[in-house]
Amino acid sequence: MRRPLFGGRNKAVPALQGYFVMWSLAVLAVAVTIANFTPLAKMPLSLVAILGWLALLAELFPVEVAGRRIRITFTMPYIAAAAVAIGTAEALVLDVAVTLSAGFVYPTLLGRKVSPPWTLLNAIVSALGCSLAGIVLNTATGHLSPSDMSSVIKGLLYMLVYGGVNFGVVSAVDNYVARRPLSENALSSLKVGAGALSVFTLIALPSVILATHQQLPLLVLTFVPIWALRTGLMYQAKMYNHYYETISSLNLMLQRAHPYTHGHLERVSETAEQVAKRIGLGSKRARMVREAALLHDIGKIAVSEEILDKPGKLNDEEFSHVRMHAKWGADILRPCRQFSTIVPWILHHHERPDGKGYPEGLSGNKIPVESRIIAIVDAFDAMIGGPKPGEKRTYREPMSVEQALMELERCAGTQFDAAIVEVFKEVVISEGGI
Amino acid sequence: MDFVGWFVVGMAIATTLWVIVFVGNVLPAQLDERFRDSLRAFATAVELRFPGHSGVTKRTLELCKLTGYRMGLNRQQLRNLATAALIKDVGLCAIPHRLLNEGSPNDWTPAERNLYETYPEVTLSMIGDNSSLRPLIPLLKQAVTKYVDLPEEKRYTEARILKVVGDYAWLEKQHGQILARDAILHGINDSYDPAVVKEFLPVLTSARDV
């Protein structure tokens, strides 16, 4: 699977749940290809060979986003160069050939199993992208007289359409197969913005111009910036992975100290994200709420398990010790600048709208909305307890979902944000309880 | 090529140079910074759980760096040593709060001592889940192994330094400098590499106020 990145392409390879999507796309790709296919021109073989090798090389050195099973490649400049300098039908043949070759060579080089269905699907998406981009290119720019300006316009147009088709199809398939929201595609995960895409476009355009003038030695040099961009994206991918590994490691530390927390944190984080989305926070913000919810109790690592698991009521000294966990959580996360946004959410997740919470006694809207969400979901899950025996709180018998919701309602406006309690109830009802 | 062609190529060359500088300098520094931030967070968590351990990681890190310089470690080895020093104690979070915060290790029962001694294993299993830290597992394994028990081949100098410095910093926190120094000298050739101890002792003198 491919989708454009920096106008390049990437590949999502989750397990394919069915062939329906693939065959639908195949039929569409064949139809569009036949409609667009023109007789192959007499091709300058040296140019085709160079562009083919460069495209294959770019395809064989992808950036892998671990945990997302996505590969991002940078072949598009060379396919666009072929389309402008040789012809759109030739570019289509070249792209499909490169995709099929890489689909077999890349896993073989890494000692992995070749996946013919996914390779075929990638080729289908390539054909679809090339065909549609070819139709637009031939229709919109057929009247332009040859010049470098027209090459630039053609190259930009081709990459725009090809990239758009690729990105749209792959995001849609990814959404269908892996149930991943369209807003969470690889580009947004890696924080690839308009600036980076512009840099890629600027770097990609010379390959179109140099191919048009058949400057073959200089054309080879265009791989240098492509390689530099690839390296940059690898760093982005590493930072992305590192962020989640840090969350996971901190969670693991807490689980080692207090094993019962595991299921609790998972449940709270999932529900907190749903509540955040339902109250209108953007998907990126909602995902951060999920991450904050996973880490909201990290400060409990410093709390004695004998106090935390003590049956019965805590005395004042013990209670003040436990209350420190919100501050300790913030202290642990503060050294990580990547968590700077969520540190206040964690610090204030035990504040109350009536100002009687801790650590700072904030009230009303002074409490971050993310903290108010976590507070409600956390309290609810603590009241009902987890499904596993070890997750039951030792100091209290678990309540039923209905009892816990009634308790939240009773405390709405004083201990919990009343509006968010209402939204939370909707989530619980729609999900059938957490 | 006409003017537009040269302009696009020129802009692309300039952008490429900028990208190379950015990718070669800025991004690696950012990644490294984030990596160190995370390690500091892990160390803070351990020190908050065990206030008696506070300062030990920092002291270990500083003494490791100084000893590493003296032993001529290269940049990558020094980096590995610093990282290992920061994470070697994360397994302590699995040790009961009471054990390390109440009473002295001298009062531990054999069962409690055995429990405490599982923490390096816990560290290794936790690190195994983190792809950035996983390559350090062989080094960390050797850092908790006695010198005489180290394998003949593939001995990590960083591990032998960390063994000496880590033990010293913990003993120093518990019993003071003199007893800690004596314990290290007592363990030469058995627990500790004599070559490392030879370089470590002058560091200790010069770093007394570190």
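Just so we're on the same page: letters track the sequence lines, and every chain starts at 1. Model, not experiment: these values are computed from the prediction.
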When you look at [atom1] of [X], are more than 12 heavy atoms from neighbouring residues, nucleotides or ligands closer to it than 6.0 Å?
X	atom1	value
L110(A)	CG	yes
Y69(B)	OH	no
M149(A)	CE	no
K173(B)	NZ	yes
E121(B)	CD	no

Would E245(A) and S131(B) count as a side chain to side chain contact (heavy atoms under 4.5 Å, CB included) here? Give the steps.
CA-CA 8 Å; E245(A) 283 189 348; S131(B) 67; 2.5 Å; yes
If we define contacts as heavy-atom pairs under 4.5 Å, which of [options] has the most with chain A?
options	result
S38(B), G91(B), A12(B), P96(B)	S38(B)
T44(B), L39(B), L27(B), I20(B)	L27(B)
F42(B), F7(B), W18(B), F22(B)	F42(B)

Quick check: does any side chain N or O of D148(A) sit under 3.5 Å from a backbone N or O of D2(B), one acting as donor and the other as acceptor? yes
Sort [X] into side chain, backbone, both or neither according to what part of it lies under 4.5 angstrom from a heavy atom of chain B.
X	answer
L254(A)	neither
I209(A)	side chain
V303(A)	backbone
T222(A)	neither

Okay, P51(B) and chain A: the region with an atom under 4.5 Å from a heavy atom over there is neither
Restricting to non-hydrogen atoms, name the atom on [X] and the atom on [Y] that form the minimum distance, rounded to 0.1 Å.
X	Y	answer
L229(A)	V19(B)	N-CG1, 4.2 Å
H97(B)	A302(A)	NE2-O, 3.3 Å
A228(A)	V23(B)	O-CG2, 3.5 Å
R34(B)	Q338(A)	O-NE2, 3.9 Å
L31(B)	Y235(A)	CD2-CD2, 3.8 Å
D37(B)	P335(A)	CG-O, 3.1 Å

Interatomic spacing from [atom1] in [X] to [atom2] in [Y] - rounded to 0.5 Å:
X	Y	atom1	atom2	value
E306(A)	E102(B)	CD	CD	6.0 Å
R256(A)	S125(B)	CZ	OG	4.0 Å
I307(A)	R98(B)	CD1	CZ	13.0 Å
N101(B)	S304(A)	CG	OG	8.0 Å
S249(A)	I127(B)	OG	CD1	8.5 Å
I301(A)	L48(B)	CD1	CG	9.0 Å

Assert top hit (heavy-atom pairs under 4.5 Å, partner chain B, pool L252(A), L221(A), V152(A)) equals L252(A)
Decide yes or no for L205(A) and M11(B): does some side-chain heavy atom of the first lie under 4.5 Å from some side-chain heavy atom of the second?
no
Hey, what's the ring geometry for H242(A) with F35(B), parallel, tilted or perpendicular (30° and 60° as the breaks)? tilted
SB check E305(A) R49(B) (cutoff 4.0 Å)
yes
